[in-house]
Amino acid sequence: MFSQSTLYFGTMDGHHKISISGVVFYVENECKNLLLNHLKFMHRNNTLQSENQFESGEERVAEILLEELKGGKDVVTHKELEAVINRTRNSR
């Protein structure tokens, strides 16, 4: 379903550890499904296009999350995921 660059590693202290395009993010429990569903949505919408375009979509998600987490934040919350969803859906 996902390319090998997106892996689910497990949970720790109420957060999920997820790697997107080689960047590790800690995601709140409540946000894990929303993030994974959005990545699935992006993958489904790119199935007619090349795998490289999906990988660049994953890279874009990772870039946006890194931007949103500037300022010392460590955990992805609904606020950051809303920014990712809005920015990736509007860029298509």
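From a predicted model like this one, the values you see are computed outputs, not experimental measurements.
- Residues satisfying the side chain to side chain donor-acceptor pair (under 3.5 Å) criterion with Glu67, sequence neighbours excluded, are Arg87.
- Between Val84 and Leu65, some side-chain heavy-atom pair lies under the 4.5 Å cut-off.
- Separation of atoms CG (Asn37) and SG (Cys31) is listed at 12.0 Å; rounding is to 0.5 Å.
- With sequence neighbours left out, Leu34 forms a side-chain contact (heavy atoms from CB on, under 4.5 Å) with His78, Leu81, Ile85.
- Of all heavy-atom pairs between Val27 and Lys32, the closest is CG1-N, 3.7 Å.
- In this structure, the side chains of Glu68 and Val76 stay at 4.5 Å or more apart for every pair of heavy atoms.
- Leu35 contributes atom CG, which lies 13.5 Å from atom CD of Glu30 (distance to the nearest 0.5 angstrom).
- In this structure the side chain of Leu69 never reaches within 4.5 angstrom of the side chain of Asp74, judged on heavy atoms.
- Contact between Ala62 and Ile20 at its shortest, heavy atoms only, is CB-O, 3.7 Å.
- Under the rule for a salt bridge (charged side-chain N to carboxylate O under 4.0 Å, His left out), the partners of Glu63 that lie at least two apart in sequence or sit in another chain are Arg60.
- Counting only residues at least two apart or in different chains, salt bridge (Lys or Arg N to Asp or Glu O under 4.0 Å) contacts with residues 76-86 comprise Lys73-Glu80.
- Counting only heavy atoms from C-beta outward, the side chains of Leu66 and Lys70 never approach each other to under 4.5 Å.
- Side-chain N/O atoms of His15 and Asn29 include no donor and acceptor closer than 3.5 Å.
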